[in-house]
There are 2 protein chains.
Amino acid sequence: MVNMEKDQSTEQKILEAAREVFVEKGMDGARMQDIADRAGMNKALLHYYFRSKEKLFEKVFIEQAAQFLPQVGDIIMSDAPLFTKIERFVDVYITKLTENPYLPMFILNELNKQPQSFILKVWGERGLPVEMFVTQVKDEIQKGIIKPIDPRQLVVNMAALCIFPFAGKPMIQWVTQMNDEDFWKFMEQRKIEVAKFIIDSIRK
Amino acid sequence: MVNMEKDQSTEQKILEAAREVFVEKGMDGARMQDIADRAGMNKALLHYYFRSKEKLFEKVFIEQAAQFLPQVGDIIMSDAPLFTKIERFVDVYITKLTENPYLPMFILNELNKQPQSFILKVWGERGLPVEMFVTQVKDEIQKGIIKPIDPRQLVVNMAALCIFPFAGKPMIQWVTQMNDEDFWKFMEQRKIEVAKFIIDSIRK
DNA sequence: AACTAGTTTAACCAATTGGTTGAACGCAAA
DNA sequence: TTTGCGTTCAACCAATTGGTTAAACTAGTT
């Protein structure tokens, strides 16, 4: 056989280039020629390995979508105390997204544009196993440790406070007149500020 | 003259159709033919009135971007007490965005893709006059009414909690298994829950 | 009725783009 | 060395798309 590792290498080169272009430009804005150029090869190779733009996009999107969610699933499903979970969630999520700042915009945008069936193909039928977290919140409410709150609202708040700044970066920088350096320092602070903000809100 | 009101009508029809298509599909995904079809007229008319796709897009975007920000500027700049401001901000913003749920995704997405110069052309050089709000927050901190917090973090938190759910709707619905009816009920509750969440967090 | 100027349309055009094809290439087995 | 098969590429193709044009239409003016 000729391939085996050369194949892997080429395929990986394509996937990496495709990731860059798709994440930056989106499905509609991405050009196969652009991907080929970044991968340093002929455009026909993209079709040789992945048949079509849609297929290639789906491969890239599934991989990126996987990075966007489940890494935090473990934290939220662990048996740590609620406040610890919140602190870990915020820190890990903001850290992860800082390494891949365009990811939120990419995922959010494509999820809004692709048909609803697409999300099921990517993430499966049922949502995150968030029940454990929900019962934990209800428990802490009953024990009188935290104020009454709809657990779903809490989850969305946690996600919003972590994810939004990446999608809204240009707007935030315009409003606050921060340059890039300021912004990333600001995000570094958020790793503790957001956790504090949430816990301060729900603690009795 | 022939036009005067017929002109207005045609131009408005185009702008409305363009708004629908651009907001739904984005600049890259939008098709001039699609806009013409929705406006019920010949494609050449789009160019007759707006020269090019870019020009038409810019017109639409500027109008939508204006709706996205300044309506809340008044609230934040008013002389109401801080907690009242927060309550009003959250209620008005979520209400407004509910009427135009695709707006956040559209603005956020295009702001990330268009060159940085574009945002200045759309919203002007300087950010929102948020200084008054910042000093107000600092005052309340000094008076011991609220806990110490970076006012910028507070502003971003407020924006995040209001805007994110619209951009993240598909993801939220997948995670929480809410259908559309559930979701909009959930958003209705947010109008008070988010304000409570924020105020509970910063109140001493 | 004839003229004029703004408006609307069908047909057309050039460029871009996703995708295909057949030939060339390279390496291992025979 | 030759054969064979997986890989790579230049050239090509058909469809789409933003944009143009020249003719037709409409209504106010003379």
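Convention: sequence-line order gives letters A, B, ...; per-chain numbering from 1.
- With respect to the salt-bridge test (charged N to carboxylate O, under 4.0 angstrom), the residues A/E16 and A/R19 qualify.
- Rounded to whole Å, the distance from NZ on B/K13 to C1' on C/dT8 is 12 Å.
- Between C/dG19, C/dT9, D/dT20, one nucleotide has an atom nearer to the side chain of B/L45 than all others, and that is C/dT9.
- D/dG19 atom P lies 14 Å from atom CD1 of B/I14, rounded to whole Å.
- Of the side-chain N and O atoms in B/Y49, one or more sit less than 4.0 angstrom from OP1 or OP2 of C/dT8.
- Of the residues in residues 15-29 of chain B, none lies under 4.0 Å from DNA chain C by heavy-atom distance.
- The side chain of A/K53 approaches C/dG18 more closely than any other nucleotide in the set D/dG19, D/dG6, C/dG18.
- When A/I192, A/I199, A/D200 are each tested for a side-chain contact (heavy atoms from CB on, under 4.5 Å) with A/K196, only one passes: A/D200.
- Under the 30°/60° scheme for interplanar angles, the aromatic rings of A/F22 and A/F57 are found to stand perpendicular.
- Aromatic rings of B/F106 and B/Y102 (six-membered ring for Trp) have centroids beyond the 6.0 Å cut-off, not under it.
- Across residues 30-44 of chain B, B/M41, B/N42, B/A44 each have a non-hydrogen atom less than 4.0 Å from an atom of DNA chain C (numbered order).
- Across the protein-nucleic acid pair, B/L46 atom CG and D/dG19 atom P stand 10 Å apart, rounded to whole Å.
- The backbone N or O of A/E20 sits nowhere less than 3.5 Å from a side-chain atom of A/K25 that would complete a donor-acceptor pair.
- Note: CD (A/E58) to C1' (C/dG18) measures 17 Å, nearest angstrom.
- Enclosure of atom NZ in A/K147 by more than 12 non-hydrogen atoms of other residues, nucleotides or ligands within 6.0 angstrom is indicated.
- Across the protein-nucleic acid pair, B/F57 atom CZ and D/dG18 atom P stand 14 Å apart, rounded to whole Å.
- Residue A/T10 places at least one side-chain N or O under 4.0 Å from the OP1 or OP2 atom of D/dT8.
- Remark: A/Q177 CD is packed, more than 12 non-hydrogen atoms of other residues, nucleotides or ligands lying under 6.0 Å away.
- Atom P of nucleotide D/dC13 and atom NE2 of A/H47 are separated by 17 Å, given to the nearest angstrom.
- More than 12 heavy atoms of other shown residues, nucleotides or ligands fall within 6.0 angstrom of atom NZ in A/K191.
- Looking at B/K113 and B/N109, their side chains do bring a donor and an acceptor atom within 3.5 Å of each other.
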